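Fair warning: this is a prediction, and the values are worked out from it, not measured in the lab. Chain letters run A, B, ... following the sequence lines, proteins first and then strands; every chain starts at 1.
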Amino acid sequence: MKQFKYLPKYLLSSAAAISALMIAPQASAFCGFYVAKADTDLFNQSSKVALVRDGDRTVITMANDYIGDPTEFAMVIPVPTVITKEQVHISDSSLLDHLDAYTAPRLVEYFDSNPCARREYDQVTVTGNRRMASVGAPMMEKEAKSLGVTIEESFSVGEYDILILSAKESDGLQTWLESNGYRVPKKAVKTLGSYIKQDMKFFVAKVNLEEKAKQGGEMLRPIAVAYESPKFMLPIRLGTVNANGDQDLFVYTLTRNGKVETTNYRTQKIPSDKELPIFIKDDFGDFYKDMYKISAKREGGHGVFMEYAWDMNWCDPCAADPLSNDQLKELGVFWLDEGRDIQPMPNPRRFRPKQMAKDVYVTRLHVRYDAESFPEDLKFKTTGDKQNFQGRYILRHAFDGDMECPEAEAYKKQVNARKETEIKTLANLTGWETKYIRTKIKTSGKGELFELDKPKKKSDWWNNIWPGEDE
Amino acid sequence: MAGVSQQMQKQGIHLPSFISGLLADPRHYQIIVLSSLILLGTFHFAFQLPWWHVVACIGSTVGTQAVADKVIGRKFDARSPLISALSLTLLLRTGSVTLSIAAGILAISSKYIIRWRGKHIFNPANFGLVILSLLFTGAWISPGQWGTAPIFALFLLGMGGIVTGKAKRWDVSIALLVSYAALLFGRALWLGDPFAIPVHQLQSGALLIFAFFMISDPKTTPDARLGRVLYAMLVASIGFTIQFAFYNAAGIILALILTAPIVPLFDRLFPAGRYHWPKFPMTKTGVSHETVQIPAQILTK
């Protein structure tokens, strides 16, 4: 999210988060991710949210990579119900990082065997897109009443002071927020009014400086909120009010039944299982960023893309281990223990499973949006679809040892043809020019084409019938 | 299109009889349009719709119709069950081919079992769709799968217009869309939302498919025009309520199954001739047949 120098105090609001109404000059957005590693700023205007959902129950965890003066931090999130202290939990940011790493688009490598000693084996190494992974008072109350604002709840959890507000009209809410040190952009007032009429409450959080000092560290920890409501949505409208250009939002849903999709926007799969030139190993971040951009561009610049959808019990290949039961519980997966009391039939030891299979299905949605193309909040639906999907990109290394056999020449030809296809695929996915790609291959020295023996002049089919006759 | 063929005849141009025959029955357009939509969905929008699901669903609807027609001794006609199967495959998502088949059987059987005064109550595809998605987690309605591409919306609108215009039931489609749009814009006005929101909500492929290919079914809508318009308004209001008060994105599809049982009431209040599909018009002269309207008095006697 962009920086606004003129704002004295910042009201970050969220799409379920996360839409910052205002943002600290030196900080990234709440839930946003600036890439932690210095080497890239992949998707640097982005937010991360985990949504655990079953029936009408929702647990939302909002990641926070706000680095800056904690006095400047504040956020307002529309929520469907009043939230009490017991419903709020301060989570651990490593959880979302792990979830992000587990679901990140991944690069896999295969190595050709020696064509002169053909044995079928493929060695697989895995590189998760780690960059994405890391980237992943009484006075008050009186005043509130006169403005039609009700402070439904007021409590502190961890380093946050939290208020749950309900309001009768947006002007009153705006006045109250402003007189309490939040600045609300003019354009946001209408949107606040719309939420008020839809009976939404407002979750307002600030940093409690004393608690923050006790806790130490620079980062603010993620906030998790549990509530029960038929609304399965993420409010993104406040965030688009003041945003400059596009925003990226990563939603990780954990459900019991299957994939989650958006009902008011089309969810589509990110291109996957593509074979790419070897140098991408060092440029995976750039590749992915540009490929996402081109995919979105084909949809008019914006869209909801599924990057991962998988049963939480396993992965293949794994960019990170599946989350443990403890981690899932911390994220709010409340159904894990259901049915655990039933004692399984005593099985012979060797048949006994180590751990009961988890009933958890994860979907990673990467949304790129702006106010114009996404006028409405995101609405979701859990489907019964359990077909696994992952953003997976493949590097196939040609055999580079000595090859001295008649098959070698044919193999080399075949590899060269393959590499040409990879160049075309890459150009098509990223919009990079083939000339640039060829230069990259050359300068990286990786995955260069084989130099073939001088091609025979004639390669017509009849040359094979009477070989050597015209010599 | 029938207009086109008549025009051509006036000018002395005679189409081969089988072509004018093909043009005469609204179901043929519907079959062509729905099939094109399936192809478009599969190849352009990358629906997860394996071809064997389509085949299995068509097999089950046509098969059920054949058996049922045999039982009641009526002449078998594959066109209606084919349309039901195409609508089902367009709107129902499932990973299981068994559920696709079950939906087909359920849809067509409802036509023979749940009847009132010689008219079936439920739109077969709507019935199969809703029952399956309510009973099984493995089947669901995917309102977002079409996206909101405006050009696509226009395309559907045009195609749909032709189809329903032929079926003499364009009034239901238009009444539904207009009243639904009025509700969406009314809501936006009340909330103070920008009109971009209702415009976005109207550009829903699922809504247009529903309006043009499901609710417009002449067999399950009220017989009289006034009845149809009022009925469409009722469906729109209930669908709107389900979507915005109960947060179910498939509201409008559910509204149709909920209101279908009161269609006989509309027919009682607003009596009119029953709709009949044109007889298959393979006539020697190549003249296309118009809809047969039976006077209401005959039916009510």
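Among all heavy-atom pairs drawn from Glu376(A) and Ile197(B), the shortest one is CG-CG2, 3.7 Å. The shortest heavy-atom contact between Lys190(A) and Gly192(B) is CD-O, 3.6 Å.
Within 6.0 Å of CZ in Arg298(A) there are more than 12 heavy atoms belonging to other residues, nucleotides or ligands. Open room surrounds CD on Glu372(A); 12 or fewer heavy atoms of other groups in view lie less than 6.0 Å from it.
For Ser142(B), the parts lying under 4.5 angstrom from a heavy atom of chain A are both the backbone and the side chain. Heavy atoms closer than 4.5 Å to chain B are found in the side chain of Lys379(A), but not in its backbone. Of the two parts of Gln198(A), the backbone and the side chain both hold a non-hydrogen atom closer than 4.5 Å to a non-hydrogen atom of chain B. The contact between Lys269(A) and chain B is made entirely by side chain atoms (from C-beta outward), counting heavy-atom distances below 4.5 Å. Of the atoms belonging to Arg187(B), it is side-chain heavy atoms, and not backbone ones, that fall under 4.5 Å from chain A. Using a 4.5 Å cut-off between heavy atoms, Asp385(A) touches chain B through backbone and side chain atoms alike. For chain B, the nearby part of Thr262(A) is the backbone; its heavy atoms alone come within less than 4.5 Å. Contacts between Gln268(A) and chain B at a heavy-atom distance below 4.5 Å are absent for every atom of the residue. Contact annotation for Phe136(B): neither backbone nor side-chain heavy atoms come within less than 4.5 Å of a heavy atom of chain A.
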(request) Applying side chain to side chain donor-acceptor pair (under 3.5 Å), run through Ser194(A) and Asp193(B) and close with a yes or a no. (result) CA-CA 6 Å; Ser194(A) 176; Asp193(B) 281 346; 2.7 Å; yes

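Within the model, atoms CH2 of Trp140(B) and CG of Asn257(A) stand 10.5 Å from one another, a figure rounded to the nearest 0.5 Å. Atoms OG1 and CD1, on Thr383(A) and Ile141(B) in that order, are 12.5 Å from each other to the nearest 0.5 Å. Separating the CD atom in Gln243(B) from the OG1 atom in Thr263(A) is a distance of 7.5 Å, to the nearest 0.5 Å.
Of the listed residues Phe246(B), Phe244(B), Trp190(B), the one with more heavy-atom pairs under 4.5 angstrom with chain A than any other is Trp190(B). Chain A forms more heavy-atom pairs under 4.5 Å with one residue of Val199(B), Asn248(B), Thr137(B) than with any other, namely Thr137(B).
In this structure a side-chain-to-backbone donor-acceptor pair under 3.5 Å is missing from Lys381(A) to Ala249(B).
Ring to ring, His200(B) and Phe374(A) are not that close: their centroids are 6.0 angstrom or more apart.
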